[in-house]
Amino acid sequence: MKVLVTGGAGFIGSHVVDRLIQENCQVVIIDNLSTGLLENINKAAQFVQMDIRSNQVLDLFVKEKFDYVIHLAAQTMVHKSLEMPDYDCDVNISGTVNLLEACRKTNVKRIVFSSTAAVYGNATNLPVKEATPKGPTSFYGLSKLTCENYLSLYNQVYGLEFMILRYANVYGERQGDGGEGGVISIFARKIHHHQPVTIFGDGSQTRDFIYVGDIANANYQSLLSSYSNKICNISTQTETSVNTLIEYMAKVAGKTVTRVYAEMREGDIYKSSLSNCAAQEYLNWNPAMPLIEGLSKTYNSLI
Ligand SMILES: NC(=O)c1ccc[n+]([C@@H]2O[C@H](COP(=O)([O-])OP(=O)(O)OC[C@H]3O[C@@H](n4cnc5c(N)ncnc54)[C@H](O)[C@@H]3O)[C@@H](O)[C@H]2O)c1
(Lines give C-alpha, C1' and ligand atoms only; values in the text may rest on other atoms or scores of the structure.)
Protein backbone atom coordinates (compact mmCIF):
# COMPACT_ATOMS: atom_id res chain seq x y z
CA MET A 1 0.00 0.00 0.00
CA LYS A 2 1.08 3.57 -0.71
CA VAL A 3 0.99 5.92 2.26
CA LEU A 4 1.57 9.66 2.51
CA VAL A 5 3.00 10.73 5.87
CA THR A 6 2.84 14.47 6.52
CA GLY A 7 5.40 15.63 9.07
CA GLY A 8 7.50 12.51 8.42
CA ALA A 9 10.73 14.40 9.20
CA GLY A 10 9.50 15.19 12.70
CA PHE A 11 9.81 13.34 15.98
CA ILE A 12 6.71 11.11 15.85
CA GLY A 13 6.34 11.15 12.05
CA SER A 14 9.82 9.70 11.51
CA HIS A 15 8.98 6.75 13.78
CA VAL A 16 5.69 6.23 11.94
CA VAL A 17 7.63 6.17 8.65
CA ASP A 18 10.13 3.64 10.03
CA ARG A 19 7.27 1.39 11.13
CA LEU A 20 5.58 1.57 7.71
CA ILE A 21 8.83 0.82 5.89
CA GLN A 22 9.34 -2.16 8.20
CA GLU A 23 5.94 -3.38 6.96
CA ASN A 24 7.00 -2.93 3.32
CA CYS A 25 4.67 0.01 2.66
CA GLN A 26 5.56 2.49 -0.06
CA VAL A 27 6.00 5.77 1.81
CA VAL A 28 6.02 9.37 0.60
CA ILE A 29 6.74 12.14 3.10
CA ILE A 30 5.80 15.78 2.86
CA ASP A 31 7.38 18.10 5.37
CA ASN A 32 8.46 21.75 5.22
CA LEU A 33 11.30 21.10 7.70
CA SER A 34 10.10 23.92 9.98
CA THR A 35 10.86 21.74 13.01
CA GLY A 36 11.64 18.41 11.30
CA LEU A 37 15.14 17.30 10.35
CA LEU A 38 16.49 15.75 7.15
CA GLU A 39 18.53 13.33 9.26
CA ASN A 40 15.30 11.86 10.70
CA ILE A 41 14.08 10.75 7.29
CA ASN A 42 14.19 7.06 6.48
CA LYS A 43 16.17 6.61 3.23
CA ALA A 44 13.66 4.08 1.93
CA ALA A 45 10.95 6.76 1.88
CA GLN A 46 10.44 9.35 -0.85
CA PHE A 47 10.79 12.87 0.57
CA VAL A 48 9.08 15.93 -0.87
CA GLN A 49 9.84 19.24 0.82
CA MET A 50 6.45 20.93 0.76
CA ASP A 51 4.14 22.90 3.01
CA ILE A 52 0.80 21.24 3.74
CA ARG A 53 -0.85 24.60 2.89
CA SER A 54 0.69 24.65 -0.60
CA ASN A 55 -1.48 24.53 -3.71
CA GLN A 56 0.96 21.92 -5.05
CA VAL A 57 -0.41 19.40 -2.54
CA LEU A 58 -3.27 18.41 -4.86
CA ASP A 59 -0.86 17.92 -7.80
CA LEU A 60 1.18 15.55 -5.67
CA PHE A 61 -1.91 13.56 -4.67
CA VAL A 62 -3.03 13.33 -8.32
CA LYS A 63 0.43 12.14 -9.38
CA GLU A 64 1.06 9.66 -6.55
CA LYS A 65 -2.46 8.23 -5.96
CA PHE A 66 -2.09 7.53 -2.23
CA ASP A 67 -4.12 4.74 -0.61
CA TYR A 68 -3.78 6.23 2.87
CA VAL A 69 -2.70 9.49 4.49
CA ILE A 70 -1.22 9.72 7.97
CA HIS A 71 -1.34 13.39 8.91
CA LEU A 72 1.10 14.51 11.59
CA ALA A 73 2.43 17.84 10.27
CA ALA A 74 1.35 20.61 12.62
CA GLN A 75 2.21 23.61 14.71
CA THR A 76 2.64 21.60 17.93
CA MET A 77 3.51 24.16 20.59
CA VAL A 78 0.85 25.14 23.15
CA HIS A 79 2.61 28.39 24.13
CA LYS A 80 3.14 29.41 20.49
CA SER A 81 -0.58 28.91 19.84
CA LEU A 82 -1.31 31.33 22.69
CA GLU A 83 1.14 33.89 21.28
CA MET A 84 0.15 33.43 17.61
CA PRO A 85 -3.36 31.95 17.32
CA ASP A 86 -3.54 33.05 13.67
CA TYR A 87 -0.41 31.10 12.74
CA ASP A 88 -1.63 28.03 14.66
CA CYS A 89 -4.97 28.25 12.83
CA ASP A 90 -3.31 28.65 9.44
CA VAL A 91 -1.02 25.61 9.75
CA ASN A 92 -3.28 23.33 11.75
CA ILE A 93 -6.71 24.10 10.33
CA SER A 94 -6.10 25.49 6.82
CA GLY A 95 -3.28 22.99 6.26
CA THR A 96 -5.53 20.10 7.27
CA VAL A 97 -8.42 21.29 5.09
CA ASN A 98 -6.02 21.56 2.14
CA LEU A 99 -5.09 17.90 2.68
CA LEU A 100 -8.71 16.84 3.15
CA GLU A 101 -9.59 18.43 -0.18
CA ALA A 102 -6.79 16.50 -1.88
CA CYS A 103 -7.91 13.28 -0.14
CA ARG A 104 -11.49 13.50 -1.30
CA LYS A 105 -10.61 14.61 -4.83
CA THR A 106 -8.24 11.65 -5.31
CA ASN A 107 -10.27 9.00 -3.46
CA VAL A 108 -7.87 8.33 -0.59
CA LYS A 109 -9.20 5.34 1.40
CA ARG A 110 -8.60 6.71 4.86
CA ILE A 111 -6.88 9.55 6.70
CA VAL A 112 -5.33 9.01 10.14
CA PHE A 113 -5.17 12.25 12.12
CA SER A 114 -2.82 13.04 15.01
CA SER A 115 -4.86 14.77 17.69
CA THR A 116 -4.10 15.41 21.33
CA ALA A 117 -5.16 15.23 24.97
CA ALA A 118 -5.22 19.05 24.78
CA VAL A 119 -8.73 18.84 23.27
CA TYR A 120 -10.04 17.83 26.73
CA GLY A 121 -8.57 20.79 28.60
CA ASN A 122 -8.74 20.33 32.35
CA ALA A 123 -11.03 17.30 32.40
CA THR A 124 -11.17 16.04 35.99
CA ASN A 125 -12.65 12.56 35.65
CA LEU A 126 -9.54 10.46 35.01
CA PRO A 127 -8.72 8.45 32.98
CA VAL A 128 -10.41 10.65 30.40
CA LYS A 129 -12.65 8.82 27.93
CA GLU A 130 -13.12 9.92 24.32
CA ALA A 131 -16.73 11.04 24.90
CA THR A 132 -15.77 13.43 27.72
CA PRO A 133 -16.94 17.01 26.98
CA LYS A 134 -14.17 18.96 25.31
CA GLY A 135 -12.78 22.20 26.73
CA PRO A 136 -9.44 23.14 25.20
CA THR A 137 -7.53 25.77 27.15
CA SER A 138 -5.16 26.65 24.29
CA PHE A 139 -5.62 27.53 20.62
CA TYR A 140 -3.55 24.45 19.82
CA GLY A 141 -6.17 22.24 21.51
CA LEU A 142 -8.91 24.18 19.76
CA SER A 143 -7.31 23.88 16.31
CA LYS A 144 -6.90 20.10 16.76
CA LEU A 145 -10.53 19.76 17.92
CA THR A 146 -11.67 21.81 14.94
CA CYS A 147 -9.76 19.49 12.60
CA GLU A 148 -11.48 16.52 14.22
CA ASN A 149 -14.82 18.13 13.40
CA TYR A 150 -13.71 18.73 9.81
CA LEU A 151 -12.80 15.05 9.49
CA SER A 152 -16.18 14.03 10.81
CA LEU A 153 -18.03 16.32 8.39
CA TYR A 154 -15.86 15.27 5.43
CA ASN A 155 -16.90 11.74 6.26
CA GLN A 156 -20.60 12.68 6.36
CA VAL A 157 -20.51 14.79 3.21
CA TYR A 158 -17.93 13.00 1.04
CA GLY A 159 -17.57 9.57 2.67
CA LEU A 160 -13.85 10.04 3.43
CA GLU A 161 -12.93 7.50 6.14
CA PHE A 162 -10.91 8.65 9.11
CA MET A 163 -9.29 7.48 12.29
CA ILE A 164 -8.54 10.09 14.95
CA LEU A 165 -5.77 9.34 17.44
CA ARG A 166 -5.57 11.55 20.52
CA TYR A 167 -2.08 11.16 21.91
CA ALA A 168 -1.15 11.63 25.53
CA ASN A 169 2.37 13.01 26.16
CA VAL A 170 4.69 11.30 23.73
CA TYR A 171 8.37 10.74 24.45
CA GLY A 172 11.23 8.84 22.87
CA GLU A 173 14.26 8.99 20.61
CA ARG A 174 14.58 12.04 18.26
CA GLN A 175 12.32 14.21 20.39
CA GLY A 176 13.14 17.91 20.13
CA ASP A 177 12.75 20.39 22.96
CA GLY A 178 9.93 22.43 21.47
CA GLY A 179 6.88 20.20 21.06
CA GLU A 180 4.02 19.26 23.30
CA GLY A 181 5.62 16.44 25.25
CA GLY A 182 9.17 17.80 25.15
CA VAL A 183 9.61 17.81 28.93
CA ILE A 184 11.47 14.48 28.91
CA SER A 185 13.99 15.51 26.28
CA ILE A 186 14.52 18.85 28.05
CA PHE A 187 15.09 17.08 31.40
CA ALA A 188 17.38 14.47 29.81
CA ARG A 189 19.71 17.09 28.35
CA LYS A 190 19.76 19.15 31.55
CA ILE A 191 20.41 16.10 33.74
CA HIS A 192 23.21 14.96 31.46
CA HIS A 193 24.90 18.36 31.69
CA HIS A 194 24.44 18.53 35.49
CA GLN A 195 22.15 21.56 35.10
CA PRO A 196 19.12 22.17 37.36
CA VAL A 197 15.75 21.18 35.91
CA THR A 198 12.92 23.73 35.99
CA ILE A 199 9.51 22.47 37.06
CA PHE A 200 6.48 24.63 36.25
CA GLY A 201 4.26 24.25 39.33
CA ASP A 202 5.05 22.08 42.36
CA GLY A 203 5.77 18.91 40.38
CA SER A 204 2.61 17.17 41.52
CA GLN A 205 0.98 17.75 38.15
CA THR A 206 0.64 14.50 36.26
CA ARG A 207 0.98 13.36 32.69
CA ASP A 208 0.36 10.14 30.82
CA PHE A 209 3.70 9.43 29.12
CA ILE A 210 3.49 7.19 26.08
CA TYR A 211 6.49 5.87 24.14
CA VAL A 212 6.84 6.93 20.50
CA GLY A 213 7.18 3.33 19.26
CA ASP A 214 3.74 2.62 20.70
CA ILE A 215 2.39 5.67 18.83
CA ALA A 216 3.91 4.38 15.58
CA ASN A 217 2.19 1.02 16.14
CA ALA A 218 -1.15 2.73 16.75
CA ASN A 219 -0.82 4.59 13.44
CA TYR A 220 -0.01 1.39 11.57
CA GLN A 221 -2.91 -0.44 13.25
CA SER A 222 -5.19 2.44 12.15
CA LEU A 223 -4.55 1.49 8.53
CA LEU A 224 -5.28 -2.19 9.13
CA SER A 225 -8.36 -1.83 11.34
CA SER A 226 -11.68 -3.09 10.01
CA TYR A 227 -13.30 -0.25 11.93
CA SER A 228 -13.35 3.29 10.60
CA ASN A 229 -14.43 6.77 11.71
CA LYS A 230 -13.36 6.13 15.30
CA ILE A 231 -11.68 8.33 17.86
CA CYS A 232 -9.10 6.61 20.06
CA ASN A 233 -6.94 7.91 22.85
CA ILE A 234 -3.40 6.57 22.57
CA SER A 235 -2.06 6.43 26.07
CA THR A 236 -0.86 4.25 28.93
CA GLN A 237 -3.91 5.08 31.08
CA THR A 238 -1.45 5.81 33.92
CA GLU A 239 -0.72 9.11 35.68
CA THR A 240 2.92 9.92 36.43
CA SER A 241 3.77 13.08 38.34
CA VAL A 242 6.57 15.29 37.12
CA ASN A 243 8.36 14.70 40.45
CA THR A 244 8.20 10.92 39.90
CA LEU A 245 9.37 11.36 36.34
CA ILE A 246 12.45 13.21 37.55
CA GLU A 247 13.19 10.47 40.10
CA TYR A 248 13.03 7.85 37.33
CA MET A 249 15.22 9.93 35.06
CA ALA A 250 17.80 10.47 37.79
CA LYS A 251 17.87 6.68 38.26
CA VAL A 252 18.23 6.00 34.54
CA ALA A 253 21.01 8.60 34.25
CA GLY A 254 22.68 7.55 37.53
CA LYS A 255 22.86 11.22 38.62
CA THR A 256 21.45 13.48 41.31
CA VAL A 257 19.16 16.20 40.04
CA THR A 258 18.73 19.81 41.26
CA ARG A 259 15.13 21.01 40.91
CA VAL A 260 14.03 24.62 40.44
CA TYR A 261 10.32 25.33 40.87
CA ALA A 262 8.69 28.07 38.76
CA GLU A 263 5.11 29.29 38.25
CA MET A 264 2.68 27.09 36.27
CA ARG A 265 2.40 28.20 32.65
CA GLU A 266 -0.79 29.56 31.11
CA GLY A 267 -2.67 26.89 29.13
CA ASP A 268 -0.97 23.95 30.91
CA ILE A 269 -3.21 21.09 32.07
CA TYR A 270 -2.90 20.09 35.76
CA LYS A 271 -3.62 16.35 35.73
CA SER A 272 -3.82 14.05 32.76
CA SER A 273 -4.39 10.40 32.00
CA LEU A 274 -6.38 9.02 29.09
CA SER A 275 -8.41 5.84 28.91
CA ASN A 276 -7.13 3.52 26.16
CA CYS A 277 -10.10 1.12 25.97
CA ALA A 278 -11.22 2.39 22.54
CA ALA A 279 -7.76 1.77 21.05
CA GLN A 280 -7.79 -1.76 22.45
CA GLU A 281 -11.18 -2.40 20.86
CA TYR A 282 -10.90 -0.60 17.52
CA LEU A 283 -7.18 -0.85 16.79
CA ASN A 284 -6.28 -4.04 18.61
CA TRP A 285 -3.60 -1.91 20.25
CA ASN A 286 -2.02 -1.85 23.70
CA PRO A 287 0.94 0.16 24.99
CA ALA A 288 3.95 -2.13 25.13
CA MET A 289 6.85 -0.06 26.48
CA PRO A 290 7.32 0.21 30.28
CA LEU A 291 8.11 3.82 31.31
CA ILE A 292 11.48 3.14 32.92
CA GLU A 293 12.72 1.20 29.86
CA GLY A 294 11.43 3.88 27.49
CA LEU A 295 13.14 6.58 29.55
CA SER A 296 16.39 4.68 29.45
CA LYS A 297 16.25 4.35 25.64
CA THR A 298 15.36 8.02 25.34
CA TYR A 299 18.07 9.25 27.71
CA ASN A 300 20.77 7.19 26.03
CA SER A 301 19.77 8.40 22.56
CA LEU A 302 19.60 12.09 23.49
CA ILE A 303 22.86 12.51 25.40
N1 LIG B 1 4.74 15.09 20.92
C2 LIG B 1 3.62 14.91 21.61
O3 LIG B 1 3.62 14.63 22.82
C4 LIG B 1 2.28 15.01 20.92
C5 LIG B 1 1.13 14.85 21.67
C6 LIG B 1 -0.11 14.93 21.05
C7 LIG B 1 -0.19 15.15 19.69
N8 LIG B 1 0.94 15.33 18.97
C9 LIG B 1 0.80 15.56 17.53
O10 LIG B 1 1.62 14.66 16.82
C11 LIG B 1 2.07 15.27 15.60
C12 LIG B 1 3.58 15.18 15.50
O13 LIG B 1 4.15 15.94 16.56
P14 LIG B 1 5.70 15.88 16.92
O15 LIG B 1 5.81 15.91 18.39
O16 LIG B 1 6.38 14.79 16.14
O17 LIG B 1 6.17 17.31 16.38
P18 LIG B 1 7.35 17.70 15.38
O19 LIG B 1 7.44 19.20 15.41
O20 LIG B 1 8.59 16.93 15.66
O21 LIG B 1 6.77 17.23 13.99
C22 LIG B 1 5.94 18.02 13.18
C23 LIG B 1 6.47 17.94 11.75
O24 LIG B 1 5.59 18.67 10.91
C25 LIG B 1 6.37 19.49 10.06
N26 LIG B 1 5.56 20.66 9.72
C27 LIG B 1 5.14 21.65 10.54
N28 LIG B 1 4.41 22.54 9.86
C29 LIG B 1 4.34 22.10 8.58
C30 LIG B 1 3.73 22.59 7.39
N31 LIG B 1 3.04 23.74 7.39
N32 LIG B 1 3.87 21.88 6.25
C33 LIG B 1 4.59 20.72 6.23
N34 LIG B 1 5.20 20.22 7.33
C35 LIG B 1 5.09 20.89 8.47
C36 LIG B 1 7.60 19.86 10.86
O37 LIG B 1 8.71 20.26 10.06
C38 LIG B 1 7.86 18.55 11.61
O39 LIG B 1 8.68 17.68 10.87
C40 LIG B 1 1.52 16.69 15.61
O41 LIG B 1 0.34 16.73 14.87
C42 LIG B 1 1.24 16.94 17.08
O43 LIG B 1 0.22 17.90 17.26
C44 LIG B 1 2.17 15.27 19.54
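Order of listing sets the numbers, starting from 1, for every ligand and every atom in it.
For the pair Q75 and ligand 1, no heavy-atom separation below 4.0 Å is found. The closest approach between G95 and ligand 1 stays at or above 4.0 Å for every heavy atom of the residue. Using a 4.0 angstrom heavy-atom cutoff, M50 counts as in contact with ligand 1. The closest approach between a heavy atom of A9 and any atom of ligand 1 is below 4.0 Å. Within the structure, ligand 1 has A168 among the residues with a heavy atom less than 4.0 angstrom away.
Atoms of ligand 1 lying under 4.0 Å from at least one heavy atom of V91, given by number and element, are 28 (N), 31 (N). Within ligand 1, counting atoms from 1 as listed, the ones closer than 4.0 Å to a heavy atom of L33 are 37 (O). In summary, the atoms of ligand 1 found under 4.0 Å from a heavy atom of G10, numbered by their order in the structure, are 20 (O), 21 (O), 38 (C), 39 (O). Of all atoms in ligand 1, listed by their number and element, those nearer than 4.0 Å to a heavy atom of A73 are 24 (O), 26 (N), 34 (N), 35 (C). Atom numbering of ligand 1 starts at 1 in the shown order; those under 4.0 Å from a heavy atom of S115 are 6 (C), 7 (C). Atoms of ligand 1 lying under 4.0 Å from any heavy atom of F11, numbered from 1 in the order shown and given with element: 15 (O), 16 (O), 20 (O).
Using modelled atom types, one finds a donor on one side chain and an acceptor on the other under 3.5 Å when comparing D88 with Q75. Checking Q280 against N276 by side-chain atom types alone, a donor-acceptor pair falls below 3.5 Å. Residues Y270 and S204 bring a donor and an acceptor atom of their side chains to less than 3.5 Å of each other. Side-chain atoms of T206 and E239 form a donor-acceptor pair, as typed in the model, at a separation below 3.5 Å. Side-chain contact, T236 with D208: a donor N or O sits under 3.5 Å from an acceptor N or O.
If you check each of G141, G36, G13, G7 against atom 23 (C) of ligand 1, the one with the closest non-hydrogen atom is G7. Remark: among candidates Y171, Y167, Y140, F209, the nearest residue to atom 10 (O) of ligand 1 is Y167, based on non-hydrogen atoms. Nearest-residue assignment for atom 11 (C) of ligand 1 (options I30, N219, L72, T116; heavy-atom criterion): L72. By heavy-atom distance, the residue among D31, T35, V170 lying nearest atom 3 (O) of ligand 1 is V170.
Other cluster members for Y120: V119, L126, V128, L145, L274, joined by side-chain heavy-atom distances under 4.5 Å among Ile, Leu, Val, Met, Phe, Trp and Tyr.
One finds the CG atom of N155 at 7.5 Å from the CD atom of E161 (value rounded to the nearest 0.5 Å). Once rounded to the nearest 0.5 Å, the distance linking CG of L37 with CZ of F11 reads 12.5 Å.
When each of N32, D90, T96, N98 is tested with R53 by the rule side-chain hydrogen bond (donor to acceptor under 3.5 Å, both in side chains), just one qualifies, namely D90.
With sequence neighbours left out, the ring pair (Phe, Tyr, Trp, His ring centres under 6.0 Å) criterion links F61 to F66.
Close N/O approach between S34 and ligand 1 is found [any backbone or side-chain N/O within under 3.5 Å].
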